[in-house]
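Structure incoming, see below.
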Amino acid sequence: MADRVLVFYGSYRADRMGIRLANYIVAGLKARGKDAELIDAKAIGLPMLDRMYKEYAPGSAPQALEELALKIRAADAFVFVAGEYNWGVQPGLKNLTDHFLEEWFWRPAAIASYSAGRIAGARSALAWHGTLSEMGMIVVSSTLAVGPIAQALTADSAPLGEAGRFLDRSFIRFVDDLAWWTEAAKVQRARKPPPY
Ligand SMILES: Cc1cc2nc3c(=O)[nH]c(=O)nc-3n(C[C@H](O)[C@H](O)[C@H](O)COP(=O)(O)O)c2cc1C
């Protein structure tokens, strides 16, 4: 069965640019045989964290949380599209991820950062690395770093110029690395079901 990969993106801005990278990644994963889906935090629209999903009595969580929890639990791997606000993470995506904990466990995650400048969101990638590890994911070492994003991808997520060609080349290793760990985690989960 194709690997089920969820691609998370969390900018709420009207003129958001990172959606270009998120759509590029979803399309690229699908082209390489993965069952990929974009999880757009803005479209889901969770309120600021009050109760985590697990703090609701079974069956009483808001519908959006129930649906997302099922998707996260059923996924084989995750990609986090990480924009950078003031050297940190985007609050919309952080808010979404903080609603869950055990639901993330035992799967690999890869980080694709971007920004308007040449730093390409590297500082937010660094912050996400620790956060995703804390949430029980295996963070793979291959990353994507796209910046300036406007010079790498068109509004339709087509690669642009030299930056786009570099992204295309980097993407191959990014997907291969994630797929290796996805398979390893799948085998281990089948061999030894996670304790929780
Ligand atoms: C509040 C805010 C803070 C920002 N801080 C940074 C930053 O620290 N480093 C950086 O490279 N770009 C920064 N930028 C520029 C963003 O990289 C750029 O706006 C990018 O497109 C944001 O992602 P989004 O369009 O998907 O929301 C910031 C933008 C905003 C709106």
Side-chain angles (χ1 to χ4, degrees), residues 1-10 18-41 71-84 89-90 93-94 96-97 100-115 118-149 152-153 157-160 162-192 194:
M1 213 159 73
D3 293 342
R4 176 92 175 123
V5 187
L6 300 183
V7 178
F8 290 87
Y9 170 58
I19 192 68
R20 299 180 182 199
L21 180 58
N23 286 332
Y24 170 91
I25 291 169
V26 171
L29 287 168
K30 285 183 176 170
R32 303 200 62 198
K34 313 298 179 198
D35 177 11
E37 179 181 345
L38 174 66
I39 305 293
D40 180 352
K71 283 186 183 184
I72 294 170
R73 279 209 183 270
D76 297 308
F78 310 109
V79 175
F80 287 82
V81 180
E84 179 171 309
V89 303
Q90 289 172 319
L93 186 54
K94 184 66 165 55
L96 181 148
T97 59
F100 304 97
L101 185 60
E102 287 80 359
E103 290 76 16
W104 298 112
F105 284 10
W106 320 111
R107 269 72 49 78
I111 300 168
S113 70
Y114 69 93
S115 77
R118 297 184 69 84
I119 297 287
R123 290 163 296 220
S124 108
L126 191 63
W128 274 112
H129 198 297
T131 296
L132 301 181
S133 295
E134 166 62 15
M135 293 195 299
M137 287 168 253
I138 301 300
V139 184
V140 305
S141 61
S142 289
T143 54
L144 293 178
V146 182
I149 188 167
L153 290 167
S157 300
L160 265 174
E162 183 48 38
R165 282 191 290 279
F166 180 73
L167 172 59
D168 275 346
R169 286 196 300 275
S170 310
F171 188 67
I172 294 167
R173 181 167 177 158
F174 180 80
V175 176
D176 286 348
D177 202 357
L178 183 62
W180 194 97
W181 284 105
T182 302
E183 185 183 340
K186 258 185 173 176
V187 168
Q188 177 67 355
R189 288 199 309 280
R191 197 181 72 83
K192 187 172 183 180

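It should be emphasised that the depicted structure is a prediction, and the values quoted were computed from it without experimental measurement. Computed over heavy atoms, backbone and side chain alike; hydrogens, waters and symmetry mates excluded.
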Does the Y9 side chain pair with the main chain of L38, one donor and one acceptor, at a distance under 3.5 Å?
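No: the side chain of Y9 does not pair with the backbone of L38.
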State, yes or no, whether a side-chain contact exists between P148 and R118 at a heavy-atom distance under 4.5 Å.
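Contact flag for P148/R118 side chains = yes.
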Minimum heavy-atom separation for F174 to I111, with atom names?
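Distance-wise, the nearest heavy atoms are CE1-O, 3.5 Å.
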Evaluate the ring planes of W104 and F8, with Trp represented by its six-membered ring, and classify them as parallel (under 30°), tilted (30 to 60°) or perpendicular (over 60°).
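Rings of W104 and F8: perpendicular, over 60°.
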OH on Y114 to CD1 on I119, rounded to 0.5 Å:
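Output value for this atom pair is 15.5 Å.
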Decide if atom CD of E162 counts as having more than 12 heavy atoms of other residues, nucleotides or ligands within a radius under 6.0 Å.
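Enclosed: over 12 neighbouring heavy atoms sit under 6.0 Å from CD of E162.
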Taking all atoms of both residues into account, what is the closest heavy-atom pair of G18 and V81, and its distance?
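Closest heavy-atom pair between G18 and V81: O-CG1, 4.1 Å.
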Is it true that atom CD1 of I138 has more than 12 heavy atoms of other residues, nucleotides or ligands lying nearer than 6.0 Å?
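No.
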Option among L167, V79, V5, V175 that satisfies the side-chain contact (heavy atoms from CB on, under 4.5 Å) test with I25:
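Only one option passes, and that is V79.
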Counting heavy atoms not belonging to R173, are there more than 12 under 6.0 Å from its CZ?
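No.
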E183 atom CD, neighbour heavy-atom count above 12 within 6.0 Å
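12 or below, so no.
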Just verifying a value: how many Å separate K34 NZ and L178 CG, rounded to the nearest 0.5 Å?
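It comes to 8.0 Å.
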Using side-chain heavy atoms (C-beta onward) and a distance below 4.5 Å, is R32 in contact with I172?
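A side-chain contact under 4.5 Å exists here.
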Determine whether more than 12 heavy atoms belonging to other residues, nucleotides or ligands lie under 6.0 Å from atom CZ of R169.
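Atom CZ in R169 is packed in, count exceeds 12.
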Measure from the side-chain N and O atoms of R107 to the backbone N and O of I72, and report whether any donor-acceptor pair falls under 3.5 Å.
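Confirmed, R107 side chain pairs with I72 backbone.
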Rounded to the nearest 0.5 Å, what separation is found between the CG atom of L6 and the CD1 atom of I39?
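Answer rounded to 0.5 Å: 5.0 Å.
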Can you find a pair of side-chain heavy atoms, one from R165 and one from P159, that are under 4.5 Å apart?
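R165 vs P159: side chains apart.
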Where do F80 and T131 land on the side-chain contact (heavy atoms from CB on, under 4.5 Å) test, with the steps shown first?
CA-CA 11 Å; F80 287 82; T131 296; over 6 Å; no
Count the heavy atoms of every other residue, nucleotide or ligand shown that sit under 6.0 Å from CZ of F105, and state whether that count exceeds 12.
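For F105, atom CZ is crowded (more than 12 foreign heavy atoms under 6.0 Å).
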Side chains of F78 and M135: closer than 4.5 Å at any heavy-atom pair?
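They are not in side-chain contact.
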In Å, rounded to the nearest 0.5 Å, how long is the span from CD of E103 to CZ of R73?
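Separation between the atoms: 4.5 Å.
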Using every non-hydrogen atom in the two residues, find where P194 and W106 come nearest and quote the distance to one decimal.
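Looks like CB-NE1, 3.1 Å.
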Indicate the atoms forming the closest heavy-atom contact of A120 with A145, along with that distance.
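Where A120 meets A145 most closely, the heavy atoms are CB-C, 3.6 Å.
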Taking the side chain as every heavy atom from C-beta outward, state whether D35 and M1 have any pair of such atoms under 4.5 Å apart.
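No, their side chains stay 4.5 Å or more apart.
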Hey, what do you get for OG (S113) to CG (L144), rounding to the nearest 0.5 Å?
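Between atom OG of S113 and atom CG of L144 there are 8.0 Å.
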Nearest atoms (heavy-atom pairs only) where V89 meets A127
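Answer, listing the atom of V89 first, then A127: CG1-CB, 3.8 Å.
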Does the N23 side chain pair with the main chain of S157, one donor and one acceptor, at a distance under 3.5 Å?
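Flag not set: sc N23 to bb S157 has no pair under 3.5 Å.
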If I take atom CG from residue L153 and atom CG from residue L160, how far apart are they, to the nearest 0.5 angstrom?
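Atom-to-atom, L153:CG and L160:CG are 7.0 Å apart.
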Between G33 and A2, which heavy-atom pair has the shortest distance, and what is it?
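Scanning both residues completely, I find the closest heavy atoms to be O-CB, 3.3 Å.
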